[in-house]
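Data first, discussion second: the structure below is written as structure tokens.
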Amino acid sequence: MKPDLPAFQQVLGNDWNRLGAVIRRHYFLRPYSDDRITVRGVMHEIHHAAVAKLLIPFGLLFGAIVPYRRKDVPIDVHYNCRPDDAFIYWDRVFHIDDRTDFHFRSHMEHVRDNEVIEFVRFGVGMRLIVGAEDGALVFRSAGYIWRILGWRLPIPLGLLFGKAYVEERPVDETRFTMCMVIRHPLAGVLFRYDATFELPPDAELATDSPQ
């Protein structure tokens, strides 16, 4: 583990150089550091299928589901690392209306090679295979686990939620798009959202301590 290298450069190895410049700038965050960044954008659509309403209470328990159908929602995403571990922390803040902010918090741990696990509440995690494709950073789910007493136990959440696909794709030097789709093999698309974000101009220098 080389803390001077960005976390995702360690995950991707040589494929890091296949990412668009704006994606590399976005993920400059280094393990065991105070690096942080906030990107702001617009969530063009947040959607869930009618059948997915049955899963929303379960997803909310773990803090992993955005329970709204909306368009053109402002969103801030706060990323940071910490000096005492090698993880990346997310706080996605959906500004649903003037009175309602919805937070989706998680953290990501590098397991091996190009596999990471994104954890939400109570030790529930999604295994993700990370790749660089046509300049985009791509995540594909590879199962779910529950971490308890130091053990990572496979759990069959895929039977309910299916598989996830996430990508962050460059637009130009300061903007990138993001899309997320969770698709069940029988029920089809359960959840999806897509957004456009813009980096702050000094993104690669934003290494102040997180608030």
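The structure presented is a predicted model; accordingly, all values stated were derived computationally and were not measured. All values below were derived from every heavy atom in this structure, side-chain atoms included, with hydrogens, water molecules and symmetry-related copies excluded.
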Could you tell me whether E133 atom CD has more than 12 heavy atoms of other residues or ligands within 6.0 Å of it? yes
Would you give the length of the straight line joining atom NE2 of H95 to atom OG1 of T100, rounded to the nearest 0.5 angstrom? 11.5 Å
Should we say atom CG of D134 is surrounded by more than 12 heavy atoms from elsewhere, each under 6.0 Å from it? no
What is the distance from atom CE of M108 to atom CG of L128, rounded to the nearest 0.5 Å? 5.5 Å
Can any side-chain N or O of D113 pair as donor or acceptor with the backbone N or O of E115 at less than 3.5 Å? no
Supply the atom-to-atom distance L60 CG to F104 CZ, rounded to the nearest 0.5 angstrom. 11.0 Å
Look only at the side chain of Q10 and the backbone of L5, and say whether a donor-acceptor pair between them is shorter than 3.5 Å. yes
So, R152 side chain and W146 main chain: donor-acceptor pair closer than 3.5 Å or not? no
Taking it one step at a time, do Y68 and F94 satisfy side chain to side chain contact (heavy atoms under 4.5 Å, CB included)? CA-CA 10 Å; Y68 300 98; F94 297 77; over 6 Å; no
Do the non-hydrogen side-chain atoms of W90 and H78 ever get within less than 4.5 Å of each other? no
Has D15 got a side-chain atom pairing as donor or acceptor with R18's backbone, closer than 3.5 angstrom? no
Has R30 got a side-chain atom pairing as donor or acceptor with C81's backbone, closer than 3.5 angstrom? no
Knowing that exactly one of T196, I96, I75 qualifies, which makes a side chain to side chain contact (heavy atoms under 4.5 Å, CB included) with M43? I75
Transitively linked via ILVMFWY side-chain contacts under 4.5 Å: V111 with L29? no
Is there a side-chain contact between D76 and V39 (heavy atoms, below 4.5 Å)? no
Does a donor on one side chain and an acceptor on the other come within less than 3.5 Å for D194 and H44? no
Run the salt bridge (Lys or Arg N to Asp or Glu O under 4.0 Å) test on E118 and R92 for me, step by step, so that the C-alpha distance in whole Å, both residues' side-chain angles and the decisive distance to 0.1 Å come before the verdict. CA-CA 14 Å; E118 183 172 9; R92 307 162 180 89; 2.9 Å; yes
Check: Y79 ring centre within less than 6.0 Å of H26 ring centre: yes
So C179 and V166, do their side chains get closer than 4.5 Å, heavy atoms only? no
Could you tell me whether a side-chain N or O of R127 sits under 3.5 Å from a main-chain N or O of V116, the two making a donor and an acceptor? no
In terms of ring plane angle, is the pair F119 and H107 parallel, tilted or perpendicular, where the classes change at 30° and 60°? parallel
Same cluster for V77 and F8 if Ile/Leu/Val/Met/Phe/Trp/Tyr side chains link at under 4.5 Å? yes
Indicate yes or no for a side-chain donor-acceptor contact from N114 to the backbone of V130 under 3.5 Å, with no hydrogens or angles considered. yes
Is a donor on one side and an acceptor on the other found under 3.5 Å between the side chain of H184 and the backbone of L186? yes
Determine whether E45 and R192 satisfy the following criterion, salt bridge (Lys or Arg N to Asp or Glu O under 4.0 Å), listing intermediate values before the conclusion. CA-CA 8 Å; E45 183 177 28; R192 71 171 188 269; 3.4 Å; yes
Kindly work out whether a path of hydrophobic side-chain contacts (I/L/V/M/F/W/Y, heavy atoms less than 4.5 Å apart) joins V51 to V181. no
Can you confirm whether the side chains of R82 and S33 place a donor and an acceptor under 3.5 Å from each other? no
Cation-pi, Y165 ring and R140 (6.0 angstrom, 45 degrees): no
Would F176 and V42 show up in the same hydrophobic cluster when neighbours are defined by side-chain heavy atoms closer than 4.5 Å? no
What about M126 and V189, same hydrophobic cluster or not, with Ile/Leu/Val/Met/Phe/Trp/Tyr joined at side-chain heavy-atom distances under 4.5 Å? no
Do P83 and D34 touch side chain to side chain, with heavy atoms closer than 4.5 Å? yes
So, do Y144 and P156 sit near enough that their side-chain heavy atoms are less than 4.5 Å apart? no
Pair V22-R175, side chain to side chain contact (heavy atoms under 4.5 Å, CB included): steps then yes or no: CA-CA 7 Å; V22 67; R175 294 180 299 156; 6.0 Å; no
Donor + acceptor pair across side chains of Y27, E168 (<3.5 Å): yes
Please report the interatomic distance CD1(I65) to CD1(I46), rounded to the nearest 0.5 Å. 12.0 Å
Assign the ring pair F191 / H48 to parallel, tilted or perpendicular, where the plane angle (0 to 90°) is split at 30° and 60°. tilted
Short question: side chain of R121, backbone of A64 - any donor-acceptor pair under 3.5 Å? no
From F28 atom CZ to I23 atom CD1, the distance as rounded to the nearest 0.5 Å: 14.0 Å
Let me confirm one number: the CD1-OG distance from I117 to S141, rounded to the nearest 0.5 Å. 12.5 Å
